[in-house]
Structures are given as C-alpha cells and as structure tokens.
Amino acid sequence: MKITLFDGNVKEFENGMSALEIAKALSQKLGKKALAAKIDGNVVDLSTKIEKDCKLEILTFEEEDGKKALWHTASHVMAQAVLHLYPEAKLAIGPAIDTGFYYDFDVPEPFTAEDLTKIEKEMKRIVAQNIPLERFELSRQEALDFFKGNPYKQELINELTEGETISLYKQGDFTDLCAGPHVMSTGKVKAFKLLSIAGAYWRGSEKNKMLTRIYGTAFEKQEELAEYLKKLKEARERDHNKLGRELKFFTTNEAVGQGLPLIMPKGAKTIQILQRFVEDEEESRGYLLTKTPYMAKSDLYKISGHWDHYKDGMFIIGDEEKGEEVLALRPMTCPFQYMIYKAEHHSYRDLPMRYTETSPLFRNESSGEMHGLIRVRQFTLADAHIICTPEQVAEEFKAVLDLIVYIMKSLGIEDDITYRFSKWSPLNKEKYLDDPEAWETTQVLMKSLLDEIGLNYKEADDEAAFYGPKLDLQFKNVFGKEDTIMTLQIDFGLAERFDMVYVDSDGEKKRPYIIHRSSIGCYERTLAMLIEKYAGAMPLWMAPEQVRLLSITDRSVEYLKEWQNKLKAAGVRTSLDIRSEKIGYKIREARGERLPYIIVAGDKEAENGTLAVRKRGEGDLGEMSAEKFMSMLLGEIAEKSIF
RNA sequence: GCCAAUGUAGCUCAGUUGGCAGAGCGGCUCAUUCGUAAUGAGCAGGUCAGCGGUUCGAAUCCGCUCAUUGGCUCCA
C-alpha cells in the first residue's frame, strides 16, 4: 500500500502494518517519540492497522493532538489510581484540555490536598508498571450492562446515536468508556503533576449535581514539567490581584463589599491618563460626548428589554408591590443614549451619530463571580453607540475596528488579544430576541465584514448579546482564563423597540442600524490586564509615577526640589523622598515599585549640577548633567505619546 | 448561586495539648548626614475578619455571617 507522509513524500509499506510499525520503519527516533497518528485527518491510536492507501501523520508531543493523546491517557491513569484508593468513586468524564487534563468524580467526600499526594503516588505505581492500553468495542446493550451502577456513563451511552461505535479502553484492572485515542501504554505518562481540586457541575449545568474535579498536566520529561511549573509560578507573580495590591493600584475593604474595589491614587492616575487619551482620540474621530444618569425608572429597561433579559443582574431600588417608584442602577448605557438620539429629529444627512460616554455601570454579579479588578459590581466602560444608515454600517464597523486596533497598539497589547465572533443559539430561546431571520442576516453581514477585513477570528455559538452578534476581543489572564476586554456589536433589535428613525432622502422614515462598542473596554479590567501584561512596570506614558528623586543628604534636598519643579513644570509625574538615610533601601523600594526612572543626588551632584540616573530595565546609567537627563526624559515621553 | 481553601500589626509570618498576643521589615521621634536594602536609642501600631456557642478560661474547639482565593455556572 502507498502511504503519503505529512511532508508529501509517498512510501510503499506492507499491507496491515500498524501506525507505530510504520513510524519505527521511518526512523527509530520517531518510533520512540510517537504518541498517536493521524490517518486521512482522523486522529487514531498507534496500534491502528493500516490496510489501504492513505495519508499518515505520526503525532508526537510537539503536535497538539499528540499532546492530547498523552494527556487523555494521563487522565485515565488518574482515574485508575482514584478507583484503587476510593473504590466507591463514580467516574464522570475526563478529557484533555489546552494545558493538560482533568477528570470529574462523584465521591461522597471531596478530595483534599493530601488526597492528591496519595493519588499521585498511586499514579506513579501505575506508570511504572507500564500497562498496555487495549481498545475494544461493545454493543449499546453490552456497554449499558458494563457500566451498570454508573448513571453518568449510562447517560453518555444513551446519547450516542444508533449505529455509532461504542469504544472502551482497558488498562489492567481499569476500563473506561472512551472514543480515544490513547498512547500505547501507561509508561508513556512519565512526568505528571496534579494541580488543583475544584467543584464542577455534571455536564456544565448548574441544575445538575456538583462533582469533584481534579486538574493535572503531564509532559514527556521531568525537566519539561519543572519548566512548565516554573512558568506557571512566574505567571502568577504577575497576577494583577496580587501585584495590583502590592503596588498600591487598588485595594478592597470588607466593609465596602465584594466586587467594589477602591482604586488608589496610582491606579486612578493611570486610569485618568488612559481616559484622557481615549476621549481625545474619540473626539478627533467624530464622536459626541454625552453624560447620562446612573439610574432610571424601570420603564426605560422595559422598553429596551433589559428588564426581561437582565433583571437579576440589576441593582433595583424601590418595591413595585408597595406602590413605590422603581428605579434601577444602569447595567449599560444604550437606552440612555438612544433617548438622546430621540430628543431630536434626524435626517439621513445627520448620520452617523456617534455618541460616546465614559460610563460607570452597575451589575449585581453573584457572589462567586467577583475577581480582583476583572469582575466587579461597578465599573467604568468607554462606551459608545453609533447610529447610522444601513449603507453606512460597513464603513462604521471598520472605523470602529480601526480605532480599537489603534488603541491596542498604543497599549502594546495587540499581540495578546484574540478575536471571537460571538453568535446566538437558536436553542437558547430565553436569552435572545426571537427573530431568527434578523439574527441570520446580521450574522451574515458581520461575518462578511470580518472576512473582508481579513481578521483571524474564532466563531463561538451562544455568546451573542440578546439584541445581536458581537465581535469580542479576548484576553487571557495569568490563570489562563479568558475574558472579554473590548466588544463590537451590531444591534438589530433595539432601534425598533425604541422606535428610532431617520428621514431618508426619499422623505420616508427608516430604521437606523446601531453599533455598540467599547474602545478600550472598561478601565478597571483594562488596568488589570495592563498590570499583568507589564508585570506592574507600566510604559512610561501611562506610569502613574515616572521619576522618583532620592536625596542622600539633607543638603541635597533643595537641589532635588529645584529639579523636581522643573520636571513638574514640563508635565513629568515625580515624587521626592527626602529621608536622607538608607539610600540603598530606598532605591530597592523604588525598583520594587517598577518606577521608570530613579534619580539619586548627594553633595557631589548638587555641586556639579548632575544627577545619578537609574533607568528601569537598563540599570545604572551613572552620573549625567541634569539638563541632559531632562531633555532625554522629555524626548522619550514625547516619542511614546505620539501614536 | 454551587464545590473547596484561607483570614493574627501597613507587609511577611510565628503562636505547642485551650492558659498574659509575638518577631522581622516598614512607620514615627531623637541622635546620626550617610553613595546603591539593613546606623543607634526610643515610641506608636491588634475588637487575632465579625457575631454567637462550649469552657473557670478561646487567636486556638463548634456554628453562622462577612471578605479573599482557585474552580463550576454566569458575564464587560
């Protein structure tokens, strides 16, 4: 038979050879490294016998699917170890994920940290035994009998469509329902680590029972595992929730409440700088600034539909049943800006109207959702709504994306963002406006725009807003969790609900299109992202403190004050520490705060008119004339402020 | 909301079988005027997250609540 290899070469092999045998025939090394194989695009076990001409790719740990085969086997090894130690545990599911694997167990008592150590020990034993994995198939009835007493596996089997093969994998005394593929034997799982225990609902629905999930990861070599764990630890050192507090960007207070961070002077300064930048940029791009109330009567949200779709997420004041006026803090800005649009008549000549607002919003998140500055109950969104004619929507959409890309580049985060095209789901009736035709046309429009721009995006079902599809810009935090940082939405529903119109050139009243968008996202979340991205070392232009001046003797304080005033007059953000002692400690403290510049002066500098300059990332630049330092600094600030 | 873990001074942490709440760093005062973390002396700083219970006696044991953290669900 003829086998086409992944590099395009075609080789002749004996009929009936397994993928592993072919890998070994290709090279000894490949045979050793092989974990799984891909035959005509389908990932299979290495033991798969090949009977006819095909395309064959041998998968190693370097390929995503190779990794997943190893991780999937690791999850089986973990399940086997759990059953050895806790025979009463019921197995649910245990897949490979992006960074490793997990398995969900139904156990009477959730596992503890000590249990993880025990399970790891048992896993090591299973790995050392190098037990081969065997695949076999059963009929539906046989499979149901086999998993008698396990409601989870029974449910999975019952959901398989008639005629679908039901495969199982056996390793020693452990057998699991599994589509595969797997590596050849447990010995391949050489370096692994169980990372955490978590609760997780069966099949991801809060209506179901909560199971106990164990997360883990595995590598081919101990060194790779050690390297991964080290990186994980380093990433967590950048955690905005830790670093942001240490660097005094924000704090929280029990008496204030959950999800209500207190932004401290440094955090507030950075946000102010970003806000001024964004508002100026938007103004130059034709946006009109609005300021609208932080609350409204429930009537407004009833028109918009938020009352039906979002009531649980709102802070509501007043009880309707007691005959009181019912107000709610706003969870979004849209209905307010729509009322501004409606306060005047609009001709097609007026459009597009681009209303923008730096908008505090309030959402009553449930207690388990709050997280640092990323998920909070009050946040400030750089929000805007663009009301335009159908003919203008494509151009406006592109203009918004241009603004967003410009802002991302200014923040230096364009390579850290992924694009998600968030679509509706016809199955989730409660969540979306019921107008399948409008959903289809709007999604087709948005997709065609994205393709025209040539954006590299991922499609996601059931992630849309209730009134239309979204382009979400996603950022991964230090724990690998993805959050939306900015969003761009086309709304087909609300113009009609608010009866928004414009008079077209033919004298007819027509419905405008509405684009919802945020340009820099919400400032709290964006600040969190920037802290993690830069490990607290904010770029010079947005650093809340750009230069710290340190005096060595009381005699040099006046000299430093003089230069501080010159820097201040030039718009540089500085502070002066006049404690003329512990100079080493003060420098270390300033370095710990990741300040861009640290300036030291004593009697010598005061006499010579110089400053000792230390620059972040470059270390000690030595002594230089004060004038030279100042022009260098101003030059650097100017350069980075022009985007 | 659900499953878990955690909570002692501004920070990092100690506190034994329940028996006087501690250290280092930081802060303040005085002395020192010092060159890339650690000068000396002194002082202040705590409702041991909160409330209740058990006990002669609770930071410690039990219960509830609040907050923080990791997940799940939800979401910008």
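Naming convention: chains lettered A, B, ... in sequence-line order (proteins, then strands); numbering from 1 in each chain.
Across all strands, A:N253 comes closer than 4.0 Å to no nucleic acid atom at all (heavy-atom distances). Contacts of A:V376 with the nucleic acid, taken as non-hydrogen atoms under 4.0 Å apart, include base atoms. Residue contacts shown for A:E365 include a base, since a base heavy atom lies under 4.0 Å away. Note on A:G521: nothing from the nucleic acid sits closer than 4.0 angstrom, heavy atoms only. At a threshold of 4.0 angstrom between heavy atoms, the contacts of A:R213 are confined to the sugar-phosphate backbone, with no base atom among them. At a threshold of 4.0 angstrom between heavy atoms, the contacts of A:T487 with the nucleic acid are absent. The residue A:R363 sits close to a base: some heavy atom pair falls under 4.0 Å. Using a 4.0 Å heavy-atom cutoff across all strands shown, A:G313 reaches no nucleic acid atom at all. Nucleic acid contact for A:K431: sugar-phosphate only, since backbone atoms but no base atoms lie under 4.0 Å from a heavy atom of the residue. Residue-level contact check: A:K207 touches neither bases nor backbone, having no heavy atom under 4.0 Å from any strand. As judged by a 4.0 angstrom heavy-atom cut-off over every strand, A:R203 is placed among residues making no nucleic acid contact. Residue A:E605 is classed as a base contact, given a heavy-atom separation below 4.0 Å to a base. A:S366 comes within 4.0 angstrom of a nucleotide base, judged by non-hydrogen atoms across all strands.
A:E463 has its CD atom 10 Å from the C1' atom of B:C74, to the nearest Å.
Proximity of A:K470 to the phosphate of B:A76: a side-chain N or O atom is located under 4.0 Å from OP1 or OP2.
In this structure, the side-chain contact (heavy atoms from CB on, under 4.5 Å) partners of A:L83, at least two apart in sequence or on a different chain, are A:A89, A:L91, A:F174. Looking at residues two or more places apart in sequence or on another chain, you find a side-chain contact (heavy atoms from CB on, under 4.5 Å) between A:A528 and A:H240, A:L373, A:I374. For A:K121, there are no side-chain contact (heavy atoms from CB on, under 4.5 Å) partners, not counting sequence neighbours. Partners of A:E109 under the salt bridge (Lys or Arg N to Asp or Glu O under 4.0 Å) rule, at least two apart in sequence or in another chain, do not exist in this structure. With sequence neighbours excluded, the residues that form a side-chain contact (heavy atoms from CB on, under 4.5 Å) with A:A601 are A:Y559, A:L560, A:E605, A:L611. Under the rule for a ring pair (Phe, Tyr, Trp, His ring centres under 6.0 Å), A:Y534 has no partner lying at least two apart in sequence or in another chain.
Aromatic rings of A:Y338 and A:H385 (six-membered ring for Trp) have centroids within the 6.0 Å cut-off, being under it. Ring centroids of A:F101 and A:F192 are separated by 6.0 Å or more, keeping the two rings apart. A distance of 6.0 Å or more separates the ring centres of A:F466 and A:W424.
Nearest nucleotide to the side chain of A:A198, out of B:G70, B:A67, B:A76: B:G70. Listed nucleotides B:C74, B:A4, B:A76 differ in distance to A:T484; the shortest reach to its side chain belongs to B:A76. Of the candidate nucleotides B:C72, B:A67, B:C34, B:C72 has the atom nearest to the side chain of A:M210. Listed candidates were B:C74, B:U68, B:G71. Nearest to the side chain of A:E369 is B:C74. Of the candidate nucleotides B:U36, B:A76, B:C72, B:C72 has the atom nearest to the side chain of A:Y201.
Both A:T212 and A:F379 sit near RNA chain B, but only A:T212 has its closest nucleotide nearer the 5' end. Nearer the 5' end of RNA chain B, as judged by each residue's closest nucleotide, is the contact made by A:R614, out of A:M486 and A:R614.
With a 3.5 Å ceiling on both atom-pair distances, the Watson-Crick or G-U wobble partner of B:A31 is B:U39. When both pairing distances are held under 3.5 Å, B:C48 makes no Watson-Crick or G-U pair with any nucleotide shown. Across all strands shown, B:U55 forms no Watson-Crick or G-U wobble pair with both key distances under 3.5 Å. The partner of B:C2 is B:G71, by the rule that a Watson-Crick or G-U pair needs both atom distances under 3.5 Å.
A side chain to side chain donor-acceptor pair (under 3.5 Å) check over residues 247-266 of chain A, counting only residues at least two apart or in different chains, returns the pairs A:R245-A:T252.
B:U65 and B:G19 have their C1' atoms separated by 29 Å, with the value rounded to a whole Å.
A stacking contact between A:F479 and B:G70 is absent: the pair does not combine a ring-centre distance of less than 5.5 Å to the base's six-membered ring with planes differing by less than 30°.
At a threshold of 4.5 Å between non-hydrogen side-chain atoms, the residues A:L433 and A:R497 count as touching.
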Atom pairs under 3.5 Å, N or O on each side, protein against nucleotides 37-44 of chain B: can you list them with distances?
unit_1: B:A37; atom_1: O4'; unit_2: A:G584; atom_2: O; d: 3.3
unit_1: B:U39; atom_1: O4; unit_2: A:E581; atom_2: OE1; d: 3.4

Would you list the protein and nucleotides 7-11 of chain B atom pairs, both N or O, that sit under 3.5 Å from each other?
unit_1: B:G7; atom_1: N2; unit_2: A:E254; atom_2: OE2; d: 3.4

